[in-house]
Amino acid sequence: MVIFSVVAYFLLVCAVLALVFLPALRERVWSQAVQWQRQGRARVQAWGQRREQGLRSSTEGVGDVVQRLARFAALNWIWLLGGAAVLLSAPLLSSWLRLGHAFEGYDHTASREMDPKIAALLAGEQLVPPPPLPPELFLTKEVEKVYPMAARASRQWELLDAEFQQKLLVVFRLMQEQHGYEMVLIEGYRSPERQNQLAAMGGHVTRAGGGQSYHQYGLAADCAFLRNGKVVISEADPWAAKGYELYGQMAQSVGMVWGGSWRSIKDLGHVELRRPGVIKPG
């Protein structure tokens, strides 16, 4: 279907270009169109003569306007049909190309291979979540700009899925030990009510409504960096930009999906552990 749509649109564009750049063809098409128009006009005139008495007795108003529009359409149906085809071809092609496409963030069927060393670490000791940080660290303008209502976000590790929690703790540990980045949890579990509130703020915040985000199932987290006692989020900071790159690589190595790899919306601090059947297609 997609290939057919692309070919059809290509042929339509070629036809339009041919009419523009080939005068002989354009004159021939125009002559045929004029002939069709004359035939249509003759039919309309004949119809008008039969209905003339009725039209004279009709009242002015909506009925008269409709009749005039119908007469105009009958006289110019070729041009109206051609114009509609050209105008609708691009949107229809775009719609066909989007059929069956879901936002990348909601694809629960994706899977990633895990590094053997990471797998061995995950199979070892059970890591313990870090102690909670002072709430005021998450009240800055930088945090609020990227994560609205972050002050009311849940940072309770115990509300996260056990497997996801351990994977995220492994990422935190390796980011610290191998690259010197101390990481913090901005938000973990998110209620459906809060998800709907964030969705109401617009697509730049989230495109997922309640029940359509892995946050609702304890399988997603938004994270950032801690430097000199301050939460650093903005990728405009070269140090943070490099950190996000390493963070994404580390998250993918333990089998998680990194929001920075999405083509639709880039969410550099977001990671999630996808499971088939958790989020129902909607």
Side-chain angles (χ1 to χ4, degrees), residues 98-112 114 129 132-133 135 138-139 142-172 175 183-225 231 233-235 240 243-244 247-282:
R98 292 284 294 179
L99 286 176
H101 176 76
F103 285 122
E104 196 171 347
Y106 309 143
D107 178 14
H108 56 74
T109 62
S111 61
R112 299 195 181 267
M114 189 181 300
L133 294 171
F138 305 94
L139 300 178
E142 180 179 357
V143 175
E144 184 67 21
K145 182 178 180 181
V146 180
Y147 297 105
M149 301 190 297
R152 288 182 278 172
S154 171
R155 286 176 279 276
Q156 297 175 266
W157 285 84
E158 62 271 19
L159 297 181
L160 298 178
D161 174 87
E163 180 186 4
F164 174 68
Q165 180 196 92
Q166 286 301 304
K167 288 178 179 290
L168 188 59
L169 287 172
V170 167
V171 171
F172 275 34
M175 285 292 293
M183 302 204 65
V184 295
L185 176 64
I186 301 293
E187 182 169 16
Y189 170 77
R190 183 185 297 160
S191 69
E193 293 76 18
R194 176 173 168 80
Q195 185 70 41
N196 285 329
Q197 291 176 351
L198 294 174
M201 294 182 175
H204 65 286
V205 177
T206 179
R207 295 180 181 177
Q212 291 298 310
S213 168
Y214 282 96
H215 278 286
Q216 273 85 85
Y217 307 95
L219 291 168
D222 297 320
C223 305
F225 309 104
V231 175
I233 291 180
S234 175
E235 68 271 21
Y244 281 124
Y247 167 64
Q249 295 172 0
M250 198 70 69
Q252 291 171 339
S253 71
V254 300
M256 296 192 293
V257 175
W258 175 47
S261 66
W262 298 342
R263 292 186 298 270
S264 52
I265 294 181
K266 299 291 185 181
D267 193 350
L268 300 180
H270 179 91
V271 291
E272 59 189 39
L273 181 62
R274 296 175 178 176
R275 287 179 183 163
V278 172
I279 294 181
K280 307 298 182 182

Under the rule for ring-ring contact (aromatic ring centres under 6.0 Å, His included), what residues qualify as partners of [X], not counting sequence neighbours?
X      : answer
His270 : His215, Trp262
Phe172 : Trp157
Phe138 : none

Please find the pair of heavy atoms, one from [X] and one from [Y], that lie closest to each other, and give the distance.
X      : Y      : answer
Val205 : Pro148 : CG2-CG, 4.2 Å
Leu268 : Tyr244 : O-CD2, 3.5 Å
Ala208 : Ala199 : O-CB, 3.5 Å
Met256 : Leu273 : CG-CD1, 4.4 Å
Gly209 : Gln216 : O-OE1, 3.7 Å
Gly243 : Met175 : O-CE, 3.6 Å

Taking side chain to side chain contact (heavy atoms under 4.5 Å, CB included) as the definition, give me every residue that meets it alongside [X], ordered by chain and number, with sequence neighbours left out.
X      : value
Tyr217 : Leu219, Val278, Ile279
Ile265 : Arg207
Gln156 : Ser154, Glu158, Leu159

Interatomic spacing from [atom1] in [X] to [atom2] in [Y] - rounded to 0.5 Å:
X      : Y      : atom1 : atom2 : value
Asp267 : Asp222 : CG    : CG    : 5.5 Å
Gln166 : Leu168 : CD    : CG    : 10.0 Å
Asn196 : Met201 : CG    : CE    : 12.0 Å
Phe225 : Tyr247 : CZ    : OH    : 8.0 Å

Validation row: [X], [Y] side chains within 4.5 angstrom (heavy atoms):
X      : Y      : answer
Cys223 : Leu185 : yes
Gln249 : Trp258 : no
Lys266 : Glu235 : no
Val146 : Ser234 : no
Glu142 : Val231 : no
Val271 : Val171 : no

Next on the checklist: Has Gln195 got a side-chain atom pairing as donor or acceptor with Gln212's backbone, closer than 3.5 angstrom?
Outcome noted: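 Not at all, since once roles are kept as given, no pair shorter than 3.5 Å links the two residues.
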
Just to verify, what does [X] make a salt bridge (Lys or Arg N to Asp or Glu O under 4.0 Å) with, not counting sequence neighbours?
X      : result
Glu187 : Arg190, Arg194
Arg155 : none
Asp161 : Arg275

